[in-house]
Amino acid sequence: MEEVIKIEGGHRLHGTVRISGSKNSTVALIPACVLGNAPITIYGVPNISDVKSLMELLRELNVYVEQIDEETLYIDPTKMNNIPMVSNAVSKLRASYYFMGALLGKFGHAEIKMPGGCYLGPRPIDLHLKGFEALGASITYENGCYILHADELIGNRIFLDISSVGATINIMMAAVYAKGRTVIENAAREPEIIDIATLLNKMGAKIHGMGTSTLVIDGVGELKTSGCNHEIIPDRIEAATYIIMAAAIADDMIIENVIPQHLEAILMKLEEIGINMKVGPDFVEIFGRNQELKPTEILTKPYPGFATDVQQPFTALLTQAAGQSVVTETIYTERFKHCYELNKMGADIDVRTPSGFVNGKTKLSGTSVVATDLRCGAALVVAGLMAEGITEIHDVYHIDRGYDNLDNKLRSLGAVFWREKVE
Ligand code: EPU
């Protein structure tokens, strides 16, 4: 029996939705907590399956982890053991690779199998490994497992060929205890990186230049031995997803607990295609549209450009624009599987990698579709809300990896959304 999501489309949304803590921050903050030797309390933790997988991994390392309430995690690494990380939980998410940087940094040794996560085309980790090597680590790959070792890590100047989010965070974590200064050039500037560096600095690390493309880490002999607290930033991708849902089918909807500055590229695109909105200090209110949506061109870019993660749900919205929109991927050139699923619902998207040509406006009808990855799932939910009839989404575990409390949030906005077990 498989659990599927069902959506009866056509019901207009209204009301307020509160955005949860950032998934992509959380999945790096949790491994970052083990770098120190003191308990840490993290607030605003989203209730998603990636967090459950990371809690499993922490327990395997004998790190004490307790869910204090729905959104609060208490993590105490004082009794942790550095054992090889080869369990199934490692393969459930991409972010398990952050234990490479954390364990290498703390113990000079890490053994971990290849991480999992959404398939978006090839997702190499060569830049992470080059960074660790530049700090003095040796790396071998045996029986599907990376073995990283360094008697001593020494700060170095590292240039990232691509401003990779994962490589920036991983190298930053490994460099916290490295002797001397590490400089990461062409570092990624995503808000999540600032969030991780902020926690590490609270723990006693010395990191400067967060949010710029030059990240400087001055190695410290030890981190603080007394605990600290951290509140996770709001999830800009979850926020963008609800904003797109509102643009698709709401008359008036407020998306609260957002940092609008993190969403600038997306909000400007929405204005360009004809969505009316009001942007407050920590909320966005969407009033819908009083005209036909205009087609547009999207080019995904690292932050502060248009986020690749948002490209997928945005494409679902563009099926309702009158004319041809062009969506071009520069981060993951194969991130177009959602287009084939949207076409099953009546969209007309011609994928010629690295672009999708969305010919609108097309009527969408509910049918059986597959969430091939997390944000494909988000795109199908957007489409399902707009479609005539019932949309049945399979492989919903991808969606549950990244959207906190989706069912209740959508129902409270007036969506007709439920789950069913099917053969
Ligand atoms: N890349 C390399 N070599 C590397 C690392 C990356 O060639 O060693 C390439 C990738 O193949 C890609 C580009 O560099 O073409 C950027 O990848 P990046 O490393 O920045 O991505 P990531 O860290 O693996 C994070 C998010 C993704 C998000 C990307 C891009 C997490 C856990 N994941 O992935 O989020 O799409 O940054 O912004 O933070 C999602 O939330 O659905 C998701 C997939």
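Excluded from the calculations below are hydrogen atoms, water molecules and symmetry mates; all remaining heavy atoms, backbone and side chain alike, are included. Every number for a ligand or one of its atoms is a count from 1 in the order of the listing. Computed from a predicted structure; not experimentally measured.
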ask   = Is the shortest distance from a Lys or Arg side-chain nitrogen in E341 or K344 to a carboxylate oxygen in the other one below 4.0 Å?
value = yes
Residues at least two apart in sequence or cross-chain that pass side chain to side chain contact (heavy atoms under 4.5 Å, CB included) with A240, listed by chain then number, are L263, I266, V310
So for V165 against ligand 1, with non-hydrogen atoms under 4.0 Å, the contacting part is both
At under 4.0 Å between heavy atoms, what of H128 touches ligand 1? The answer is both
Nearest non-hydrogen contact to atom 28 (C) of ligand 1 from the set T330, I331, D309 belongs to D309
* To do: State whether a side-chain donor-acceptor pair under 3.5 Å links D195 with T198.
  => no
Distance-only donor-acceptor check, side chains N37 and K106, under 3.5 Å
yes
If you measure every N/O of [X] against every N/O of ligand 1, is any gap under 3.5 Å?
X    : value
I162 : no
N24  : yes
Y98  : no
V27  : no
S163 : no

For D407, the side-chain hydrogen bond (donor to acceptor under 3.5 Å, both in side chains) test, sequence neighbours excluded, returns R419
* Dump the intermediate steps for salt bridge (Lys or Arg N to Asp or Glu O under 4.0 Å) on K52 and D50, then the final yes or no. => CA-CA 5 Å; K52 305 281 173 284; D50 270 9; over 6 Å; no
